[in-house]
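Heads up: the structure comes next, in structure tokens.
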2 protein chains.
Amino acid sequence: MARAPWVKTSGGEAGSRRRQRGRIRIEDVAELAGVSAITVSRVLRTPAIVAEDTRRRVDEAVDRLGYVPNLAAGTLASLKSRLVAVVVPTLRSSVYADTIQGLSDELSTAGYHLMVGYSGYSAELELSVFRAFMGRQPEAVVLTGVEHSPALRRLLRKRKLPTVEIWDLADDPIDIAVGFDNFAAGACVADHLAKAGVRHPAVLGSDPAREARAAKRLAGFTARCQARGLRAPVVEPLIDGMSPEEAESGFRRLVARAPDIDGLFCLNDALAIAAIMEARRLSIDVPGRMRIVGFGDFDLAAHVAPRLTTVRVPGHEMGRRAARRLLDRAEGRKRGQRVEDLSFELVQRESA
Amino acid sequence: MARAPWVKTSGGEAGSRRRQRGRIRIEDVAELAGVSAITVSRVLRTPAIVAEDTRRRVDEAVDRLGYVPNLAAGTLASLKSRLVAVVVPTLRSSVYADTIQGLSDELSTAGYHLMVGYSGYSAELELSVFRAFMGRQPEAVVLTGVEHSPALRRLLRKRKLPTVEIWDLADDPIDIAVGFDNFAAGACVADHLAKAGVRHPAVLGSDPAREARAAKRLAGFTARCQARGLRAPVVEPLIDGMSPEEAESGFRRLVARAPDIDGLFCLNDALAIAAIMEARRLSIDVPGRMRIVGFGDFDLAAHVAPRLTTVRVPGHEMGRRAARRLLDRAEGRKRGQRVEDLSFELVQRESA
DNA sequence: CCCGGGTATGACAGCGCTAACATGCAGCCT
DNA sequence: AGGCTGCATGTTAGCGCTGTCATACCCGGG
């Protein structure tokens with residue numbers, strides 16, 4: 001008679017063909033420590049509930065064998081991946097790197113890992129990156145900004161994935177938002193320039209259609225200029241909102257279009273630094289003839305000549321706060337407000 | 001008599017307590033399409049071997065249900081994670097971001113994902129980040145530089161994990177190295193300055209003990225200066241090798257120590273830009289009285305005043321090449337040479 | 001008509017781990 | 001003594017997928 005089907009036909013001590021050669025399994029540790037597999041699992045995940053003596057023996061076996069738990073198996077068994085998906089517009093800009101480090105600092109101590117992807121400022125790409133991530137069963141999601149493809153919003157709400165939107169505030173966040181008020185930041189710059197006597201403002205930055213957050217800063221700036229009776233800002237949009245290349249030529253176009261510009265708001269510091277440099281080449285005195293304000297307080301901002309007046313943004317802090325909110329939720333703690341408004345700060349230096 | 005142990009006691013259509021509510025499984029797709037689970041799996045992974053009619057029905061069911069395969073389960077079953085672990089020194093510098101994008105561009109089309117971590121230039125931290133990654137069963141590893149903790153080297157060799165070391169060349173790579181010659185780059189800068197008439201060179205950059213690649217550039221620079229009979233370079237090491245803050249004060253110390261310096265090599269562009277700016281503040285003419293060369297060709301380098309002469313490095317290309325080498329290996333193709341030397345390029349602009 | 005070989009699909013077990021429940025054993029109370 | 005409580009550990013059955021082998025079917029040749 002044939003073997004009954006439920007009798008193991010492989011997987012004994014010799015090792016089945018499907019098992020990875022040489023990989024150490026929890027079973028191996030258990031055997032060496034003289035306990036069962038589940039006890040090893042408990043030592044690794046909830047040491048407090050294991051007797052001290054047992055714990056010591058297991059720890060020793062783990063060390064001796066160099067055991068590393070297979071998290072794919074753990075994820076499958078526990079339905080918990082300890083993975084957080086993060087999508088930022090780009091990695092090339094250090095501003096988001098700060099936020100990622102903030103997230104990582106906070107989450108890694110809690111045993112979570114980050115999956116980081118970038119969207120290139122496109123909602124479609126964001127969706128496709130996210131789709132790819134979904135298969136890895138993230139327990140939470142961090143997105144940049146509040147503009148997302150409707151399909152993504154639906155997906156997230158349906159799955160009830162804890163989601164944090166960062167770098168902006170939302171009227172109706174998908175779940176939680178941790179950011180700052182880009183509109184107010186733009187207005188704050190307008191105030192500063194107006195108080196310094198600027199009458200003919202201009203703006204250099206990304207195409208409002210492409211970058212929602214920069215567009216809000218622009219809107220806040222424009223509104224406040226109007227409220228204070230300044231001339232309507234001359235706006236020079238750029239295709240790539242982070243390109244010093246484009247900033248240089250854009251600045252030249254700007255002064256050609258309106259030679260009387262006496263105040264310039266650059267939608268980020270990379271552009272502002274390039275503008276300051278081009279101003280020097282054109283012998284336009286900054287801040288004498290033109291005041292320039294940046295945004296973001298990049299590392300170099302404080303060190304260019306003249307030192308750049310800019311808006312400091314809580315990049316690292318947003319990451320930390322977003323992480324904390326997610327951990328609070330995971331541990332079933334308080335929920336807190338849905339929209340968390342961290343503050344920005346105008347840093348006055350020499351350029352305005 | 002009790003139920004025989006091999007009879008399923010749960011997991012029927014009602015859903016067991018352990019199953020995630022509402023999650024769609026391959027089984028659900030199979031049922032809707034009127035095929036078995038394995039056929040769905042084949043449609044998703046090797047569509048070519050499935051009959052066209054079946055494939056269409058399955059694709060439709062996948063779409064209709066919005067099915068996303070659980071990669072944790074797939075990883076466990078196939079022993080293939082489609083995951084590549086990457087460790088860079090920091091995310092805050094755009095130079096590594098380029099490399100990561102290069103890796104990601106190439107790997108994502110092949111269905112691989114990246115796990116990115118940062119080591120803060122510390123071999124110990126690198127090891128601990130790597131340990132954390134191991135549990136997710138990466139199929140390959142990308143490390144920055146060729147200096148690693150011995151424990152890490154042992155671990156990688158023992159597991160036979162395909163490994164690429166980037167951003168440097170190694171005499172004895174762990175496995176594969178794809179980088180460029182930092183020593184030669186330093187020498188190349190020395191050549192350029194010497195030809196321009198520099199006699200009293202200096203170097204501003206990270207502490208050689210902390211950053212091995214910057215140290216090699218320094219060594220190459222120093223050696224070539226000596227070979228050309230220049231005065232031995234005055235070296236001003238910095239604790240944080242990327243800090244414009246420190247560059248500014250370091251530059252001041254440098255000119256105080258040796259007022260006759262007529263050529264400065266900054267070990268990266270962030271420092272070089274800060275140095276140029278401080279030179280202006282001190283009314284030191286660049287390049288008239290002092291020539292300055294950077295390293296890395298950051299975005300802003302071409303746009304500061306004076307425009308920065310620097311060394312362009314194949315950041316994106318290293319990522320792509322590293323990815324290709326790993327994919328070649330995964331697909332069992334040719335092995336190629338162990339150490340791949342991509343070229344750098346001195347970009348002459350105005351500052352030297 | 002059967003047979004061999006190729007193609008398309010299915011059944012089954014198991015990847016390595018953990019949730020859920022079961023068991024065993026002190027220590028204490030009645 | 002019997003039972004009850006609480007702690008430490010073990011047993012069992014999956015988690016959702018894919019490797020492997022089995023099977024069904026079709027086609028053409030003998």
Side-chain angles (χ1 to χ4, degrees), chain A residues 2-12 15-21 23-30 33-55 57-58 67-82 135-137, chain B residues 2-12 15-21 23-30 33-55 57-58 67-82 135-137:
Chain A
R3 261 193 320 261
W6 57 86
V7 170
K8 274 197 179 176
T9 62
S10 68
S16 73
R17 193 132 69 281
R18 286 188 55 191
R19 188 131 73 221
Q20 212 163 314
R21 260 176 17 86
R23 280 290 281 163
I24 285 141
R25 288 148 29 253
I26 200 169
E27 199 81 34
D28 304 321
V29 178
V35 296
S36 71
I38 190 70
T39 298
V40 176
S41 173
R42 287 199 266 251
V43 168
L44 264 24
R45 309 186 322 135
T46 50
I49 67 163
V50 178
E52 182 162 342
D53 178 59
T54 313
R55 200 192 314 153
R57 273 178 13 247
V58 169
Y67 171 64
V68 179
N70 181 333
L71 297 184
T75 296
L76 187 57
S78 67
L79 303 176
K80 296 223 167 69
S81 63
R82 313 233 105 196
R136 309 240 177 229
Q137 321 292 109
Chain B
R3 261 192 320 260
W6 56 85
V7 169
K8 275 197 180 177
T9 63
S10 69
S16 73
R17 192 132 67 283
R18 287 188 54 191
R19 188 130 73 221
Q20 210 163 316
R21 262 176 14 87
R23 280 291 280 160
I24 285 140
R25 289 148 26 253
I26 201 170
E27 199 82 34
D28 304 321
V29 178
V35 297
S36 71
I38 189 69
T39 299
V40 176
S41 173
R42 286 199 267 252
V43 169
L44 263 25
R45 306 184 325 133
T46 50
I49 67 164
V50 178
E52 181 163 341
D53 178 58
T54 312
R55 200 190 317 152
R57 270 173 21 242
V58 169
Y67 171 64
V68 179
N70 182 333
L71 298 183
T75 296
L76 185 58
S78 67
L79 304 176
K80 296 223 168 67
S81 65
R82 313 233 105 195
R136 310 237 176 231
Q137 321 291 109

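Side chains are part of it too, since the values below use all heavy atoms of this structure and drop only hydrogens, waters and symmetry mates. Letters A, B, ... mirror the listed sequences (proteins, then strands); counts begin at 1.
- At the phosphate of dT18(C), OP1 or OP2 sits under 4.0 Å from a side-chain N or O atom of S41(A).
- Applying the side-chain contact (heavy atoms from CB on, under 4.5 Å) rule to A73(B) yields the partners L76(A), N70(B); only residues at least two apart in sequence or on another chain are considered.
- Between the CD atom of E27(B) and the OG atom of S36(B) there is a distance of 8.5 Å, given to the nearest 0.5 Å.
- Protein atom CD1 of I26(B) is 19 Å distant from nucleotide atom P of dC15(C), rounded to whole Å.
- Distance, I24(B) CD1 to dC15(D) P: 16 Å, rounded to whole Å.
- In this structure a side-chain-to-backbone donor-acceptor pair under 3.5 Å is missing from T39(B) to V35(B).
- The side chain of Y67(A) lies closest to dC17(C) when the candidates are dT18(D), dC17(C), dC15(D).
- Residue L76(B) contributes atom CG, which lies 17 Å from atom P of dG14(D) at whole-angstrom precision.
- Separation of atoms OH (Y67(B)) and CD1 (I26(B)) is listed at 4.0 Å; rounding is to 0.5 Å.
- R55(A) has its CZ atom 15 Å from the P atom of dC7(D), to the nearest Å.
- Computed from C1' positions of five pairs at each end, the angle between the two local axes of the helix from dC1(C)-dG30(D) to dT30(C)-dA1(D) equals 70°, rounded to 10 degrees.
- A donor-acceptor pair is defined here as one N or O able to donate and one able to accept, closer than 3.5 Å; such a pair exists between the side chain of S78(B) and the backbone of K80(B).
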For nucleotides 7-10 of chain C, tabulate all protein N/O to nucleotide N/O atom pairs closer than 3.5 Å, reporting atom names and distance.
from    : atom 1 : to     : atom 2 : distance (Å)
dT9(C)  : OP1    : T54(B) : OG1    : 2.3
dT9(C)  : OP2    : A51(B) : N      : 3.0
dG10(C) : OP2    : S36(B) : N      : 3.0
dG10(C) : OP2    : S36(B) : OG     : 2.9
dG10(C) : OP2    : T39(B) : OG1    : 2.5
dG10(C) : N7     : R42(B) : NH2    : 2.7

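- The shortest side-chain heavy-atom distance between V50(A) and V58(A) does not fall under the 4.5 Å cut-off.
- Comparing S78(A) and A73(B) against DNA chain C, the residue whose closest nucleotide sits nearer the 5' end is A73(B).
- With rounding to whole Å, R19(B) atom CZ is found 9 Å from dG16(D) atom C1'.
- Here the P atom of nucleotide dT9(D) and the CD atom of E52(A) are 11 Å apart, to the nearest Å.
- Applying the salt bridge (charged side-chain N to carboxylate O under 4.0 Å, His left out) rule to R82(A) yields no partners; only residues at least two apart in sequence or on another chain are considered.
- The distance from atom NZ of K80(B) to atom P of dC17(D) is 18 Å, rounded to the nearest whole Å.
- A search for side-chain contact (heavy atoms from CB on, under 4.5 Å) contacts involving R23(B) returns Q137(A), R159(A), Q20(B), not counting sequence neighbours.
- Residues that satisfy the salt bridge (charged side-chain N to carboxylate O under 4.0 Å, His left out) test with R42(B), not counting sequence neighbours, are absent from this structure.
- Rounded to a whole Å, the CG atom of L79(B) is 12 Å from the C1' atom of dC17(D).
- Distances shown here put every side-chain N or O of R82(A) at or beyond 4.0 Å from the OP1 or OP2 atom of dC17(C).
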